[in-house]
2 protein chains.
Amino acid sequence: MAATLKDVAARAGVHPSTVSRVLRKQENLKILDTTRKRIFDAVEELNYQPDFTARALRMKKSFTIGLIVPDIGNPFFSRIARTIEQLGFEKDYTVIVCNTDEHQAKENKYVNHLLSRGIDGLIMVPAQDSDESVNKVLEHKVPLVLIDRLFEDINTNAVISNNVESAYNAVKHLVDLGHKKVAFLRGRNNIYTMTKRFEGYQKAVDEFGLVKSDSLIVGNGFSFDDGHNATTKLLNCPEPPTALLLTGNLITVGAISAILEKGLKIPEDISVVAFADSIFSPYLVKPLTTISHPLYEIGSKAFNLLLENIESDEETLPPTQIMINTQFDIRETTGKAKAA
Amino acid sequence: MAATLKDVAARAGVHPSTVSRVLRKQENLKILDTTRKRIFDAVEELNYQPDFTARALRMKKSFTIGLIVPDIGNPFFSRIARTIEQLGFEKDYTVIVCNTDEHQAKENKYVNHLLSRGIDGLIMVPAQDSDESVNKVLEHKVPLVLIDRLFEDINTNAVISNNVESAYNAVKHLVDLGHKKVAFLRGRNNIYTMTKRFEGYQKAVDEFGLVKSDSLIVGNGFSFDDGHNATTKLLNCPEPPTALLLTGNLITVGAISAILEKGLKIPEDISVVAFADSIFSPYLVKPLTTISHPLYEIGSKAFNLLLENIESDEETLPPTQIMINTQFDIRETTGKAKAA
DNA sequence: ACGATTGGCACAATCGATTGTTTACACAGT
DNA sequence: ACTGTGTAAACAATCGATTGTGCCAATCGT
């Protein structure tokens with residue numbers, strides 16, 4: 001249906017290759033102005049649009065990048081995705097978005113899929129049950145940038161946050177308010193961010209002599225329900241914690257709902273600090289004390305790093321790891337610890 | 001680098017076409033079991049993955065669908081995107097996500113881009129400054145499903161909500177609480193959803209004899225700032241409205257922030273009803289009274305409708321329009337009107 | 001036993017572009 | 001007149017798969 005190079009060539013009375021060269025406007029290309037005009041006219045008249053698929057096949061360059069995240073429905077990822085898409089648009093790259101739901105199997109399948117589609121680069125937040133897919137991308141020498149999570153024993157490009165410090169500071173803030181028993185609601189276990197945040201939490205617990213107990217470490221997922229259930233479990237303890245460190249957007253909403261259901265008040269009965277990036281944070285039941293991420297910065301750093309790798313002449317550049325600092329906003333969900 | 005059909009064929013000692021046929025497991029294909037085995041072994045050994053680009057070129061089928069939305073960072077769209085991506089995954093379609101920022105120019109550019117990429121179908125929320133791009137898609141006979149917005153004079157597939165009724169009911173609820181002066185905060189003007197919601201608002205205003213004034217119709221954008229500015233403007237009036245009908249997620253946060261900045265209380269000083277789909281809605285300063293959308297249903301209906309069109313043998317199926325009912329949740333941001 | 005069928009696979013064209021190599025011709029230099 | 005040089009464009013291979021057709025040998029029918 002659509003016009004092809006051949007059609008344009010026929011109409012302009014030249015060979016397809018000539019049309020191609022003229023349209024790709026190569027430097028010091030010698031073409032008669034009259035020919036050039038005939039070609040442009042033909043392109044115009046036939047409303048010719050080059051076929052990307054054919055181009056990609058021939059040039060081994062698809063102008064496509066993959067973005068693999070756990071859940072594009074989560075504000076954290078959707079806002080990063082937005083940035084990447086935006087910058088991609090400016091550079092003529094389109095973005096294929098993939099959700100893993102934190103399932104390694106989906107991630108593996110997607111990686112294979114994307115590789116066989118010939119993507120020019122990949123930005124991903126790995127599920128981290130295995131490093132299989134990351135290694136596969138590396139083997140194929142497809143430029144890769146990890147976001148938020150890292151395999152510490154694999155040297156890759158990455159944009160990550162200062163998790164240890166952020167968690168430590170959050171707990172310190174609670175300590176300053178007199179809290180002794182702080183729970184840590186983790187998302188999935190063995191994820192880089194969780195390990196690091198736990199490290200910061202643990203460090204503060206040790207340093208400030210807080211109550212140390214495995215029962216204070218709960219949760220195993222990033223969803224609303226995960227947050228709700230873990231919190232409910234905590235609150236049903238005989239001696240529940242007086243403060244919660246939450247580690248995700250959806251976990252946070254779940255935790256808040258559980259607290260309210262119990263009829264407890266924030267922060268009078270229980271304080272809450274959250275790793276959260278929702279635009280709603282400041283307008284919750286109580287304005288939420290948060291550790292938030294500069295999402296635009298994360299997205300743009302990741303994209304630019306990827307682009308650099310894609311456009312580099314080297315087959316592989318030495319990996320770069322970029323550390324991004326979180327922001328700590330003390331609002332109203334953290335207050336003095338109740339006297340025991 | 002990666003193995004091709006030819007490599008596999010060479011290793012198995014057969015012709016590439018044979019490999020292709022075996023792998024595509026055509027029905028009643030006559031191939032010796034020994035040959036078949038040699039081929040599968042070769043595929044295994046070479047770790048062969050077919051090249052999607054080449055396939056797409058030859059078969060004129062890319063197993064790719066486009067998704068064009070105003071802003072993937074907005075929870076409304078990101079959660080719909082998630083559903084579409086999920087269902088696509090099950091059917092082996094990947095999704096290219098595009099943000100228009102409500103710019104018609106970006107939309108047009110994307111549509112051209114996606115068409116020249118040979119997408120199999122397109123789901124879009126049009127910017128609606130012009131119907132140019134929609135018509136272009138239609139001309140190319142690429143299956144199309146519109147979400148949320150509709151061109152009433154173009155017959156296309158679409159999944160939309162009962163906007164008129166939803167807005168009418170929301171205003172009626174306010175009327176029942178004694179409100180006489182209700183403001184309408186629209187997003188962009190001349191968008192289908194806005195026109196329809198305004199129609200419902202207007203109908204209620206007329207029917208219940210509410211204050212009718214152009215000064216009560218404000219706003220021209222879907223962002224936080226748009227909501228904030230429009231609300232601030234309203235509140236600075238000598239006689240501000242006692243209730244607000246908000247028409248978007250981000251507008252809502254903006255409006256709330258403006259109200260709080262003014263030192264006003266919700267709902268004592270001013271009531272708020274919002275078209276909002278954030279998971280945070282129930283946990284805001286006051287649990288938000290909302291008109292929300294069944295986002296999974298919208299996404300899945302749209303995807304399935306698209307798939308039906310893609311897989312149909314007919315070149316074009318008669319367009320289907322699916323109406324989805326919103327959900328009205330009365331929470332605590334709406335209360336009795338202040339006595340005047 | 002001989003032509004007809006059919007099973008099993010190879011051949012070659014094709015999708016739509018890109019790109020290295022040739023060709024055809026004009027003109028300049030000797 | 002003949003070689004050399006450069007210009008303008010054509011030719012043809014190629015990317016990696018799919019698919020209509022052709023071919024050879026074994027089997028079948030009579």
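Within every chain, numbering begins at 1; the chains are lettered A, B, ... in the order of the sequence lines, protein sequences first and strands thereafter.
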Counting the atoms with a prime plus P, OP1 and OP2 as sugar-phosphate, which does [X] contact under 4.0 Å by heavy atoms, base, sugar-phosphate, or nothing?
X: B:Leu57; value: base
X: B:Arg55; value: sugar-phosphate
X: A:Gly118; value: nothing

If the cut-off is 4.0 Å, is [X] near the phosphate of [N], judged by side-chain N/O to OP1 or OP2?
X: A:Ser20; N: C:dT18; value: yes
X: A:Lys60; N: D:dT14; value: no
X: B:Lys30; N: C:dG7; value: yes
X: A:Arg24; N: C:dT18; value: yes

>> What I want to check is whether an N or O donor and acceptor connect the side chain of B:Ser17 with the base of C:dC11 at under 3.5 Å.
In response: yes
Could you give the [atom1]-to-[atom2] distance, from [X] to [N], as a whole number of Å?
X: B:Met59; N: C:dA13; atom1: CE; atom2: P; result: 22 Å
X: B:Asp51; N: C:dA17; atom1: CG; atom2: P; result: 17 Å
X: B:Arg117; N: C:dC15; atom1: CZ; atom2: C1'; result: 18 Å
X: A:Arg36; N: D:dA9; atom1: CZ; atom2: C1'; result: 13 Å
X: A:Ile31; N: D:dT7; atom1: CD1; atom2: C1'; result: 10 Å
X: A:His15; N: D:dA12; atom1: NE2; atom2: C1'; result: 8 Å

>> Can you identify which nucleotide, out of D:dA8, C:dC11, D:dC15, has its nearest atom closest to the A:Leu32 side chain?
In response: D:dA8
> Can you tell which of D:dT18, C:dA17, C:dC11 lies closest to the side chain of A:Leu5?
Replying inline: C:dA17
>> Check A:Arg188 with A:Asp129, please: is the shortest side-chain N to carboxylate O separation under 4.0 Å?
In response: yes
> What's the spacing between B:Lys136 NZ and B:Leu115 CG if we round to 0.5 Å?
Replying inline: 7.5 Å
> Mapping B:Gly13 and A:Tyr48 onto DNA chain C by nearest heavy atom, which one lands closer to the 5' end?
Replying inline: B:Gly13
> Closer to the 5' end of DNA chain C via nearest nucleotide, is it A:Thr18 or B:Pro16?
Replying inline: B:Pro16
>> Does the plane of the ring in A:Tyr93 sit parallel, tilted or perpendicular to the ring in A:Phe63? Use 30° and 60° as the thresholds.
In response: tilted
> Would B:Asn304 and B:Glu308 count as having a side-chain donor-acceptor pair, cut-off 3.5 Å?
Replying inline: no
> Are B:Ser62 and B:Arg117 close enough that some pair of their side-chain heavy atoms sits under 4.5 Å apart?
Replying inline: no
